[in-house]
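Here is the structure we will look at.
Computation of the quantities below employed the complete heavy-atom set of this structure, encompassing side-chain atoms and omitting hydrogens, waters and symmetry-equivalent molecules. Predicted model, so just to flag it, every value in this text is computed and none were measured. In this chain, numbering begins with 1 at the start of the sequence shown.
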Amino acid sequence: MCNIGDIIVIKKYIGDDGKVIDKQHSFVVIDDNADCVGGISYDLVTNVMSSFKDEEHKRKKLSHKENLEIRSDNIISNTKNGRDGYIKADQLFYFDKSKIDYYVFARVDEELFDELIRLIIELRYENKVKMNIKNLNNINETSNC
């Protein structure tokens, strides 16, 4: 079970390019309500997170409006990984929780979560948000939409 603001680790997912990524990856939960998109059911919407490789990479990534910095002190957890990174606010990943293997790792603090939501709204207004629905059930499966 996850809630908005949680940082979850998904063990396997489909990226924007349609390729399966077998390496686990962190995501921030922005919505955990059941709904439909394109006639397909979902119950989880997330933003993907990435780490900085070095200071040059950090400067380059943070020069883009759609990347929101997340510092280790923004993370509420019993175990800190100590790594700063960024959230790709312009990429929304839709999932069906029953079809993915994930666990809750931590949560982001309220201030960062509010900033993330404001940025997503601003990017949506500018038509700069990409929706990845590739992780949802097959179109041939029955849907409740």
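Not a single donor-acceptor pair under 3.5 Å links the side chain of D114 to the backbone N or O of E111.
Of the charged side-chain nitrogens involved, at least one lies within less than 4.0 Å of a carboxylate oxygen, so that K130 and D90 count as a salt-bridged pair. A salt bridge links K58 with E69: the distance from a Lys NZ or Arg NE/NH1/NH2 to an Asp or Glu carboxylate oxygen falls below 4.0 Å. Between R107 and D6 there is a salt bridge, since at least one side-chain N of the basic residue sits less than 4.0 Å from a carboxylate O of the acidic one.
A distance of 6.0 Å or more separates the ring centres of Y102 and F95.
Hydrophobic cluster membership differs between Y86 and I8, with clusters built from Ile, Leu, Val, Met, Phe, Trp and Tyr side chains linked at under 4.5 angstrom. Both M49 and I117 belong to a common hydrophobic cluster when Ile, Leu, Val, Met, Phe, Trp and Tyr are linked at side-chain heavy-atom distances under 4.5 angstrom. In this structure, I121 is a member of the same hydrophobic cluster as L123, with clusters built from ILVMFWY side-chain heavy atoms closer than 4.5 Å. Under a hydrophobic-cluster definition in which Ile, Leu, Val, Met, Phe, Trp and Tyr are linked whenever side-chain heavy atoms come within less than 4.5 Å, directly or via other members, I14 and I133 are assigned to different clusters.
Partner of F27 under the ring-ring contact (aromatic ring centres under 6.0 Å, His included) criterion, chosen from F93, Y103, Y94: F93. Under the side chain to side chain contact (heavy atoms under 4.5 Å, CB included) test applied with I70, the options D109, I75, L116, D84 reduce to a single match, I75. Of the options C2, S77, S26, a side chain to side chain contact (heavy atoms under 4.5 Å, CB included) to I7 is made by S26 and by none of the others.
In this structure, I30 and T46 have side chains that are not in contact, with every pair of non-hydrogen atoms separated by 4.5 Å or more. Taking 4.5 Å as the limit, some side-chain heavy atom of F52 sits within range of a side-chain heavy atom of K61. The closest side-chain heavy-atom distance from D22 to V20 is below 4.5 Å. Within the 4.5 Å cutoff, the side chain of D43 has heavy atoms near those of the D96 side chain.
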| said: Let's go through V9 and F105 carefully: what are the C-alpha distance in whole Å and the side-chain angles of both, what is the deciding distance for side-chain contact (heavy atoms from CB on, under 4.5 Å) to 0.1 Å, and is it a yes or a no? | reply: CA-CA 6 Å; V9 176; F105 172 72; 3.9 Å; yes
Quiz item: Do H25 and S50 pass the side-chain contact (heavy atoms from CB on, under 4.5 Å) test, and can you show the C-alpha distance, the side-chain angles, and the key distance before you say yes or no?
Solution: CA-CA 8 Å; H25 209 86; S50 285; 4.1 Å; yes
Quiz prompt | Pair K12-I100, side-chain contact (heavy atoms from CB on, under 4.5 Å): steps then yes or no | solution = CA-CA 7 Å; K12 180 178 173 179; I100 58 171; over 6 Å; no
### Message
Run K65 and E122 through salt bridge (Lys or Arg N to Asp or Glu O under 4.0 Å) and show every step you take.
### Response
CA-CA 10 Å; K65 176 182 181 176; E122 186 175 329; 2.5 Å; yes
One pair to check against side-chain contact (heavy atoms from CB on, under 4.5 Å): L92 and R124. What are the steps and the verdict? CA-CA 11 Å; L92 300 180; R124 273 193 162 171; 3.3 Å; yes
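For the residue pair M1 and V104, the shortest heavy atom distance occurs at O-CG2, 3.4 Å. In plain terms, the two heavy atoms of L62 and N67 that are nearest each other are CD2-O, 4.0 Å.
From D32, atom CG reaches atom CG of N3 across 5.5 Å, with rounding to the nearest 0.5 Å. Taking CG from N47 and CD from Q91, the interatomic distance works out to 8.5 Å, rounded to the nearest 0.5 Å. Atom NZ in K134 sits 11.5 Å away from atom CD1 in I40 (nearest 0.5 Å). In this structure, CD1 in I10 is found 11.0 Å from NZ in K97, a value given to the nearest 0.5 Å. Atom CG of residue D35 and atom CG of residue N33 lie 8.0 Å apart, to the nearest 0.5 angstrom. With rounding to the nearest 0.5 angstrom, the CD1 atom of I4 is 4.5 Å from the CZ atom of F113.
Counting non-hydrogen atoms of neighbouring residues, nucleotides and ligands closer than 6.0 angstrom, the CD atom of E126 exceeds 12 such neighbours.
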